[in-house]
Amino acid sequence: QVQLVESGGGLVQAGGSVRLSCAVSGGTSSFYTMGWFRQAPGKEREFVARINSSGRSTDYADSEKGRFTISRDNAKNMVYLQMNSLRPEDTAVYYCAAGNPIMTIRGKYDYWGQGTQVTVSS
C-alpha cells in the first residue's frame with residue numbers, strides 16, 4: 001500500500017551538498033520508521049540513516065556521521081536526507097525505505113522506492 005518516490009539526485013562536486021527527498025503515499029507516513037540506504041557499483045546495499053515515526057530519534061552509519069542529516073515532515077508526507085561534504089565514495093543509488101518500527105529496529109523494512117542516483121565527482 002505504501003509507495004515511496006525519491007528525488008533530488010544528480011551530479012555534484014566533491015565537497016558539495018545535495019538534499020534528497022522521499023515522497024510517501026498510500027499510507028500514513030507518521031506510522032512508519034523511515035530510512036535511507038545506498039548501493040554503489042560492486043557493493044551490497046548499505047544502511048545510511050534512519051528516523052523514527054515521530055522524528056525525535058535518528059541514527060547514522062559511521063561514514064555519514066557529522067555529514068548527513070535525516071529529517072521528516074509528516075504533515076507534508078516527506079522525508080529528507082541532507083548530504084554535506086560529499087566524497088566520491090558517496091556515489092551510489094540512494095533508496096528511501098519505510099517499515100513498522102517493531103521491524104525496523106531489527107533492520108527490516110517493508111517498502112522501498114526506486115532509488116535516485118547521486119554521483120560525486122573528484
Side-chain angles (χ1 to χ4, degrees):
Q1 180 175 324
V2 175
Q3 295 179 330
L4 309 174
V5 180
E6 304 95 335
S7 63
L11 178 64
V12 62
Q13 192 173 10
S17 300
V18 68
R19 188 180 76 163
L20 304 182
S21 299
C22 175
V24 184
S25 63
T28 303
S29 60
S30 61
F31 288 169
Y32 300 99
T33 292
M34 303 297 298
W36 286 97
F37 295 78
R38 68 186 183 185
Q39 186 168 21
K43 298 179 64 177
E44 295 184 354
R45 184 182 64 196
E46 64 178 354
F47 167 78
V48 174
R50 173 174 52 245
I51 187 167
N52 74 347
S53 58
S54 68
R56 289 177 284 186
S57 180
T58 59
D59 190 28
Y60 301 90
D62 288 343
S63 62
E64 288 82 44
K65 290 181 179 178
R67 300 190 300 123
F68 291 7
T69 302
I70 187 171
S71 62
R72 68 192 300 163
D73 187 338
N74 288 338
K76 297 181 179 179
N77 296 314
M78 297 292 293
V79 182
Y80 307 99
L81 182 67
Q82 178 68 44
M83 303 190 292
N84 300 323
S85 301
L86 285 166
R87 309 162 181 166
E89 308 90 83
D90 295 318
T91 296
V93 176
Y94 284 73
Y95 297 92
C96 181
N100 188 305
I102 296 173
M103 302 302 295
T104 58
I105 196 170
R106 299 179 178 180
K108 304 294 184 180
Y109 290 79
D110 295 318
Y111 307 100
W112 296 84
Q114 294 293 303
T116 184
Q117 176 72 44
V118 175
T119 302
V120 184
S121 62
S122 301

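For this chain, numbers begin at 1 and follow the sequence in order.
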**Message:** For Ser63, is there any backbone N or O sitting under 3.5 Å from a side-chain donor or acceptor partner on Arg67?
**Reply:** yes
**Fill in**
From the list Val118, Thr116, Thr91, Asp90, side chain to side chain contact (heavy atoms under 4.5 Å, CB included) partner of Arg38 resolves to Asp90
**Asked** Can you tell me if CG on Leu11 sees more than 12 non-hydrogen neighbours from other groups inside 6.0 Å?
**Response** yes
**Message:** Which residues pass the side chain to side chain contact (heavy atoms under 4.5 Å, CB included) test with Ala23, not counting sequence neighbours?
**Reply:** Met78
**Message:** Can you confirm whether more than 12 heavy atoms, excluding those of Gln39, are under 6.0 Å from its CD atom?
**Reply:** yes
**Message:** Quick check on the hydrophobic clustering: are Val93 and Met34 connected, directly or via other members, by side-chain heavy-atom contacts under 4.5 Å?
**Reply:** no
**Request:** Kindly say whether Val120 contributes a backbone atom to a donor-acceptor pair with the side chain of Arg87 at under 3.5 angstrom?
**Result:** no
**Message:** Return the OH to OG distance between Tyr94 and Ser7, rounded to the nearest 0.5 Å.
**Reply:** 15.0 Å
**Item:** Heavy-atom side-chain contact between Thr33 and Arg50 under 4.5 Å
**Value:** yes
**Request:** If a pair satisfies disulfide (SG to SG under 2.5 Å) and one of its residues is in residues 28-76, list it, with sequence neighbours excluded.
**Result:** none
**Prompt:** Among the clusters formed by ILVMFWY side chains lying less than 4.5 Å apart, do Met103 and Phe47 turn up in the same one?
**Reply:** no
**Complete:** Of all heavy-atom pairs linking Ala14 and Ser122, the shortest is CB-CA, 4.4 Å
**Item:** OH on Tyr32 to OH on Tyr111, rounded to 0.5 Å
**Value:** 4.5 Å
**Asked** So, does Tyr80 use its side chain to make a donor-acceptor pair with the main chain of Thr69 at under 3.5 Å?
**Response** no
**Asked** For Gln13, does the CD atom sit with more than 12 other heavy atoms under 6.0 Å from it, leaving out its own atoms?
**Response** no
**Message:** Looking at Asn77, is its backbone amide N or carbonyl O close enough to the side chain of Asn74 to form a donor-acceptor pair, meaning the two atoms are under 3.5 Å apart?
**Reply:** no
**Asked** Linking I/L/V/M/F/W/Y whenever any side-chain heavy atoms sit under 4.5 Å apart, do Tyr95 and Leu4 land together?
**Response** no
